[in-house]
**Q** 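What follows is a single structure, and I will ask about it in a moment.
Values in this document were obtained by computation on a predicted structure and should not be read as measured data.
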Amino acid sequence: MDGVVEDIAAVAVRLAEGAGLREVLPDADDPAVWIALDAEARHSAWLDGSWLPAWERTEQGRTLNDDLHRGEELTDGRLALALCHRDGRIRERALGRAAGRPDLLPLVVLRCADWAEPVRETARRLLAELLDADAAVRLLPLILRIGRRGRGDFVADLAAGLLRGAAPGTLAPLYTHTHRTVRRWAYRLAVEAGHLSPAELARAAARDTDMVVQSLCADATLAAVAEGGADDDVLETLLGARGAHARAAGVTALRRAGRSERAVEFLGDRAGVVRACARYVVRQGGGDPLAWYRERCSAAGDLAPGVVSGLAECGERADADLLRALTSHPVAAVRTRAVAGLRALDVTDVERMRELLDDPAPGVVREAALALVPSARSLDDQWLMARLGPERPRAERVAAFRLLSAHDGVVRLRAAFALIDDPDERLRHWARQAVQRWRPTADVPRGSAEVGELLDRARPLFSEYVLIRRKWEVGLRG
């Protein structure tokens, strides 16, 4: 499609010379092709003393209006150009010839949102006669694009009305469409019209990669289960889904199905929303999730990272000792969750977090740095500066810069300059932004020669006015 759109002017010329639509528009199912053709047909350029689109400079392009007016037979390609013509009277006249030409239906859809009222009303009457459910399915990507335009609500409402009353299987091709907008629209309509069974909704929630579709179908499954009860097929499909919202829906459905004890399996799920639903169901069944988490976190052996997060989510500050012990666990993901859990419980062991800045796992280093940000000014800035060197692991350098950025005044400026020409693009960008945003704080000595030297080195990052202003703020002359 990209090649067609990039060379759409040549496509329009070929249509004017009599080429067939299917011949020059191989990607006719892509709405971008029709939108590009519509725009190109009116795109004018100054040549030979006139403003005309390239296709109108061809011999057949110059005679198109006269041929249309005389009622001569036109190819679909030439009539397509007439439907996109800059003159509204020509567009309206072309609509009268579009009936019985299904390949031109996309352009009739476009004209339903035309800025000229006579064209718009004629197109709407014609589309209401020609569009059926199968055509609406085929053209839905274009219809949804046009529906977002001003005056585009007619086509969207017309398609919705046709498909709402169509046989349930009519929407099937839309459920697996490559464009997620189309899938979302189709599933919303299917849920509203009751086209899908709970089992089909559960499979859609488990299969689709789009979170909106997952949530929509999972919620609809829960509503259906609440009315008619859950069978094993529905529950197992949801519980085995990759998407967190679908699994959460399955866990929630366990309570209605009288299987609350099964929710224990999901207390250590990798997703927080699933763990939260599991805790609710377990509590409703008389269980104690917190005791379960404490037992698992204190036992030797394998430990799922989700169990550690679960303890932090429902635990108390007294559970900090359990989490602190897990910061030495051999599994990096467990250590990461343990550090994050201590931060969630607002328990920060500064010395232990400082040690974890040397952890080989980037996730642990990142979480340790986040935990230390409130205490950053108590850390030795020279020790942190030494960690900015290019020989250090990237996670350690990012953590050190994050902590140095929490310092005041000159320290923050020094740290930014240490990375201002760093080979790492993201760190370099972050550092340069920090220099540009830097403002002196109360601890910066007035007239500091060091600050003046650093700002002079940053001259390319500032306009002359801003550089003088920054120097003036610190008591230096520009």
**Q** Is R428 salt-bridged to D421, going by a charged N under 4.0 Å from an acidic O?
**A** no
**Q** Please list, one pair per line, the donor and acceptor atoms closer than 3.5 Å that link side chains of residues 141-163 to other protein atoms, with sequence neighbours excluded.
**A**
| residue | atom | partner | partner atom | Å |
| --- | --- | --- | --- | --- |
| R151 | NE | D114 | O | 3.3 |

**Q** Looking at R469 and E473, is any side-chain nitrogen of the basic one under 4.0 Å from a carboxylate oxygen of the acidic one?
**A** yes
**Q** Do Y187 and L174 come close enough that some side-chain heavy atom pair is under 4.5 Å?
**A** no
**Q** Before you tell me yes or no, could you show the steps for M385 and V411 under side-chain contact (heavy atoms from CB on, under 4.5 Å), namely the whole-Å CA-CA distance, both residues' side-chain angles and the distance that decides it to 0.1 Å?
**A** CA-CA 9 Å; M385 287 290 293; V411 173; 5.7 Å; no
**Q** Do P305 and T336 come within less than 4.5 Å of each other through their side chains, counting heavy atoms only?
**A** no
**Q** If you measure from OG1 on T75 to CG on L15, what distance do you get to the nearest 0.5 Å?
**A** 7.5 Å
**Q** Over all heavy atoms of both residues, which pair between V234 and P198 is shortest? Give the atoms and the distance, please.
**A** CG2-C, 3.9 Å
**Q** Nearest 0.5 Å, what's the CD-CG distance between E73 and D67?
**A** 11.0 Å
**Q** Do any N or O atoms from the side chain of H177 and from the backbone of H179 form a donor-acceptor pair under 3.5 angstrom?
**A** yes
**Q** Determine yes or no for a side-chain-to-main-chain donor-acceptor pair under 3.5 angstrom, with R392 supplying the side chain and R397 the backbone.
**A** no
**Q** Considering all heavy atoms of both residues, which atom of L105 and which atom of A135 are nearest to each other, and what is their separation?
**A** CD2-CB, 4.0 Å
**Q** Judged by atom type as modelled, is there a donor-acceptor pair below 3.5 Å linking the side chain of W34 to the main-chain atoms of A28?
**A** yes
**Q** Check the pair S309, R337 against side chain to side chain donor-acceptor pair (under 3.5 Å), reporting the backbone distance first and the verdict last.
**A** CA-CA 6 Å; S309 295; R337 301 290 185 95; 2.8 Å; yes
**Q** Could you walk me through whether R22 and D103 pass the salt bridge (Lys or Arg N to Asp or Glu O under 4.0 Å) test, one step at a time?
**A** CA-CA 8 Å; R22 297 282 182 180; D103 287 347; 2.8 Å; yes
**Q** Does a side-chain heavy-atom distance below 4.5 Å link L239 with F266?
**A** yes
**Q** Measure across A263 and A278 and return the closest heavy-atom pair with its distance rounded to 0.1 Å.
**A** O-CB, 3.6 Å
**Q** Do you know which of T441, V444, L404 makes side-chain contact (heavy atoms from CB on, under 4.5 Å) with R412?
**A** T441
**Q** Working note: R93 + H69, criterion side-chain contact (heavy atoms from CB on, under 4.5 Å); need CA distance, chi angles, decisive distance, verdict.
**A** CA-CA 8 Å; R93 190 176 296 124; H69 189 73; 3.8 Å; yes
**Q** Strictly distance-based, threshold 3.5 Å: is any side-chain N or O of D27 a donor or acceptor partner for the main-chain N or O of D30?
**A** no
**Q** So do L403 and L357 actually touch side chain to side chain, heavy atoms under 4.5 Å?
**A** yes
**Q** What pairs with W430 under ring pair (Phe, Tyr, Trp, His ring centres under 6.0 Å), at least two apart in sequence or on another chain?
**A** F401
**Q** Taking the side chain as everything from C-beta on, heavy atoms only, tell me whether L267 gets closer than 4.5 Å to R275.
**A** no
**Q** Is there a side-chain contact between D66 and R70 (heavy atoms, below 4.5 Å)?
**A** yes
**Q** Check this for me: does any side-chain nitrogen of one of E117 and R124 sit under 4.0 Å from a carboxylate oxygen of the other?
**A** no
**Q** Side-chain polar contacts of residues 189-196 - donor-acceptor pairs under 3.5 angstrom, sequence neighbours left out - could you list them?
**A**
| residue | atom | partner | partner atom | Å |
| --- | --- | --- | --- | --- |
| E192 | OE2 | R164 | NE | 2.9 |
| E192 | OE2 | R164 | NH2 | 3.3 |

**Q** Is the backbone N or O of A166 less than 3.5 Å from a side-chain atom of T170, with the two atoms forming a donor-acceptor pair by type?
**A** no
**Q** Any chance you could measure R459, atom CZ, to L467, atom CG, to the nearest 0.5 Å?
**A** 5.0 Å
**Q** Please name the pair of heavy atoms, one in D233 and one in A199, separated by the smallest distance, quoted to 0.1 Å.
**A** OD2-CB, 3.7 Å
**Q** Dump the intermediate steps for side-chain contact (heavy atoms from CB on, under 4.5 Å) on L68 and L79, then the final yes or no.
**A** CA-CA 8 Å; L68 181 66; L79 191 55; 4.2 Å; yes
**Q** When you measure from the side chain of R432 to the backbone of I420, do you find a donor-acceptor pair of N or O atoms at a distance under 3.5 Å?
**A** yes
**Q** Any heavy-atom pair between the side chains of V398 and R426 that's under 4.5 Å?
**A** no
**Q** Between W438 (side chain) and A416 (backbone), is there a donor-acceptor pair under 3.5 Å?
**A** no
**Q** Tell me if a side-chain donor or acceptor on R14 pairs with a main-chain N or O of V24 at a distance below 3.5 Å.
**A** no
**Q** Between H245 and Q214, which heavy-atom pair has the shortest distance, and what is it?
**A** CD2-O, 4.5 Å
**Q** Closer than 4.0 angstrom, basic N to acidic O: yes or no for D208 and R183?
**A** yes
**Q** Taking the side chain as every heavy atom from C-beta outward, state whether R207 and R242 have any atom pair closer than 4.5 Å.
**A** no
**Q** Are any side-chain N or O atoms of E121 and backbone N or O atoms of P118, one a donor and one an acceptor, separated by less than 3.5 Å?
**A** no
**Q** Are R394 and D424 ion-paired here, with the side-chain N under 4.0 Å from a carboxylate O?
**A** yes
**Q** Heavy-atom count check: over 12 atoms from other residues, nucleotides or ligands less than 6.0 Å from R89 CZ?
**A** no
**Q** How about R180: does its CZ atom have over 12 heavy atoms from other parts shown lying under 6.0 Å from it?
**A** no
**Q** What pair of heavy atoms forms the shortest contact from A332 to V364, and how long is it?
**A** O-CG2, 3.8 Å
**Q** Apply side-chain contact (heavy atoms from CB on, under 4.5 Å) to residues R78 and E17 and explain how you reach the verdict.
**A** CA-CA 8 Å; R78 295 188 74 203; E17 292 173 342; over 6 Å; no
**Q** Any chance you could measure S405, atom OG, to R437, atom CZ, to the nearest 0.5 Å?
**A** 8.5 Å
**Q** What's the spacing between L37 CG and E40 CD if we round to 0.5 Å?
**A** 8.0 Å
**Q** Measuring from atom CG of L388 to atom CD of E396, what distance do you get when rounded to the nearest 0.5 angstrom?
**A** 11.0 Å
**Q** Using only atom types and a distance under 3.5 Å, with no angle test, would you say the side chain of R111 pairs donor to acceptor with the backbone of A123?
**A** no
